[in-house]
Structures are given as structure tokens and as C-alpha cells.
Q: 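Encoded as C-alpha cells, here's the structure I'll be asking about.
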Amino acid sequence: MLSAYSSGIFPWFSEGDPLLWWFTSPRLVLFVDEFKIPKRLQRYQRKTNTITTFDLCFKQVITACARTRQDRGEDTWLVEEMQQAYLQLHDMGFCHSVECWLDNRLVGGLYGLSLDRVFFGESMFSTVTNGSKFALIALVTYLRKMRYRIIDCQMKTDLLLSFGAREITGKEFQHCLLKYIKKTTPDGKWKNDI
């Protein structure tokens, strides 16, 4: 999996299908320095009591990401075997979660894989308005402090475009990976006091 991600290849399939790996072009990426928070969301965030954390409950986040799609009647590629693979990568220090809490309840979050200065976003969920968006804001704030350069968003969505993500060619994306992934060592559990 680490080799695939470092080459820009990611898994995506439905239960019952063989394991499929993809490289998409164009590729949606979010350059950390180009991240912007919509003004309306900034105002809403100031009025809410949500709290964000890192790596406190990775298993709950990935389970919620899979369940959200299933609850909508959609297939999920986050079958049990894939969840276990990401859990193992989390234990090794490669995969990370961002959690959004409201009144001590997990109400949103996201997870992905980290290699050097690139974060590969995998999935997000929300059970309240803007829960996953607050997790994304916390993620980018953390990544800026840790000098990450890009977030691989894989596929184009209006949500990610509203935060400043943009499409680049597959060739440009491969160039970014070569430039920003110089080492493939784990960065360990993310700290909540940075």
C-alpha cells in the first residue's frame, strides 16, 4: 500500500469486486498554501462548540466513514479487510485521523495516509452540519505547522473546490510526489498540543 500511494495509486472498489487500484488524471489536489475557508463557514465555526483532535479514535473514524456510505444505501470500498489494512498502517504511524467532537460525541472526522510532505486524504464523515469541514480545517492547520505541501483529494467534489482544491494533470501530480516524498518513514502518532 505504501508503494502504491507513493506512486499516486489508490484503492477503490465495491464489496464483491476484486481489489482495484486507480491512478486518475486529472487529479484533485489541495496545495496547503492555497487553502481557504469560506467566510460563511468561518462565522459558523466561531459560534459552535466543536472540538477537534488527532489520532484519538482512528478505528471509530474509519468505521464511521464506511457506515455513512452504507447508511445511504451505497457500496463502500472500505470493507473489513481494507479497514484492517489502514488500522495496521495507523499502528505503524502512517495513517492518521482527525476527529470532530460536540458534547463529547464524535460528530465528524476524516482519515488518510501520510508520506513525508504529502497527505493522501481517503474519506470523511459527518453526523452534524459541517462536522467533516471542521475536521478538514483542523487537518490543514496541522499540516501547515508541520510543513506539508499537498493533500491528495483524488476526485473532484464541490466541497473540496470551495476550500481551494484544484485539478492538475496526472503528470503534474507525479512530479509533486517526486518532489515532496523524499522518505517513506512513519511520522508516528500526531500530537494534540501543536
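Only a predicted model underlies this, so the values are computations on that prediction, with no experimental measurement involved. Each residue takes its place number in the sequence, starting with 1.
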Q: Just distance, no hydrogens or angles: give the donor-acceptor pairs under 3.5 Å from side chains in residues 43-59, sequence neighbours left out.
A:
{"unit_1": "Thr53", "atom_1": "OG1", "unit_2": "Glu99", "atom_2": "OE1", "d": "2.5"}
{"unit_1": "Thr53", "atom_1": "OG1", "unit_2": "Trp101", "atom_2": "NE1", "d": "2.8"}
{"unit_1": "Asp55", "atom_1": "OD1", "unit_2": "Ser97", "atom_2": "N", "d": "2.8"}
{"unit_1": "Asp55", "atom_1": "OD2", "unit_2": "His96", "atom_2": "ND1", "d": "2.8"}
{"unit_1": "Asp55", "atom_1": "OD2", "unit_2": "Trp190", "atom_2": "N", "d": "2.8"}

Q: For Arg67 and Phe125, what are the C-alpha separation, side-chain angles and deciding distance, and is it a side chain to side chain contact (heavy atoms under 4.5 Å, CB included)?
A: CA-CA 9 Å; Arg67 191 176 54 242; Phe125 82 98; 5.9 Å; no
Q: Sequence neighbours left out, what pairs pass side chain to side chain donor-acceptor pair (under 3.5 Å) with at least one residue falling in residues 147-162?
A: Arg27-Asp152, Asp33-Arg149, Ser114-Tyr148, Glu122-Gln154, Tyr148-Asp187
Q: Return yes when atom CD of Gln88 has more than 12 non-hydrogen atoms of other residues, nucleotides or ligands closer than 6.0 Å, and no otherwise.
A: no
Q: Between Met124 and Leu159, is the side chain to side chain contact (heavy atoms under 4.5 Å, CB included) condition met? List the steps.
A: CA-CA 12 Å; Met124 53 190 352; Leu159 170 69; 4.0 Å; yes
Q: Is Ile150 reachable from Leu178 through a run of hydrophobic residues whose side-chain heavy atoms are each under 4.5 Å from the next?
A: no
Q: Do the side chains of Val128 and Leu106 join up, straight or via other hydrophobic residues, at under 4.5 Å, putting them in one cluster?
A: no
Q: How close do Ala66 and Gln83 get, counting heavy atoms only, and between which atoms?
A: CB-NE2, 3.6 Å
Q: Do Ile168 and Phe10 share a hydrophobic cluster (ILVMFWY, side-chain heavy atoms under 4.5 Å, transitive)?
A: yes
Q: Taking all non-hydrogen atoms of both residues into account, name the closest pair between Leu78 and Cys65 and its distance.
A: CD1-CB, 3.9 Å
Q: Between Val140 and Val32, does the side chain to side chain contact (heavy atoms under 4.5 Å, CB included) criterion hold? Intermediate values first, please.
A: CA-CA 6 Å; Val140 175; Val32 174; 4.1 Å; yes
Q: Closest approach of Met155 and Leu160, non-hydrogen atoms and distance?
A: O-CD1, 4.4 Å
Q: Side chains of Tyr5 and Leu177, heavy atoms from C-beta outward: is any pair under 4.5 Å?
A: no
Q: Under the criterion side chain to side chain contact (heavy atoms under 4.5 Å, CB included), which of Cys153, Pro26, Ser25 is the partner of Glu167?
A: Pro26
Q: Quick check: closest heavy atoms across Leu113 and Cys95, and the distance to 0.1 Å?
A: CD1-SG, 3.8 Å
Q: Give me the atom names and distance for the closest heavy-atom approach of Gly109 to Val61.
A: C-CG1, 4.3 Å
Q: What distance do Cys100 atom SG and Ile137 atom CD1 have between them, rounded to the nearest 0.5 Å?
A: 9.5 Å
Q: Taking NZ in Lys39 as the centre, count heavy atoms belonging to other residues, nucleotides or ligands within less than 6.0 Å. Is the count above 12?
A: no
Q: Could you name each residue pair satisfying ring-ring contact (aromatic ring centres under 6.0 Å, His included) that touches residues 155-184, not counting sequence neighbours?
A: Phe35-Phe163
Q: Would you check, one step at a time, whether the test side chain to side chain contact (heavy atoms under 4.5 Å, CB included) holds for Phe31 with Cys176?
A: CA-CA 10 Å; Phe31 289 89; Cys176 287; 4.1 Å; yes
Q: Distance check, rounded to the nearest 0.5 Å: Asp116 atom CG versus Lys179 atom NZ?
A: 13.0 Å
Q: Can you tell me how far OH of Tyr111 sits from CG of Leu139, rounded to the nearest 0.5 angstrom?
A: 13.5 Å
Q: Hydrophobic clustering (ILVMFWY, side-chain heavy atoms < 4.5 Å, transitive) - are Val98 and Val107 grouped together?
A: no
Q: Out of curiosity, does Phe94 fall in the hydrophobic cluster containing Leu87 (side-chain heavy atoms, cut-off under 4.5 Å, transitive links)?
A: yes
Q: Atom OG in Ser132, atom CG in Leu110: separation rounded to 0.5 Å?
A: 8.0 Å
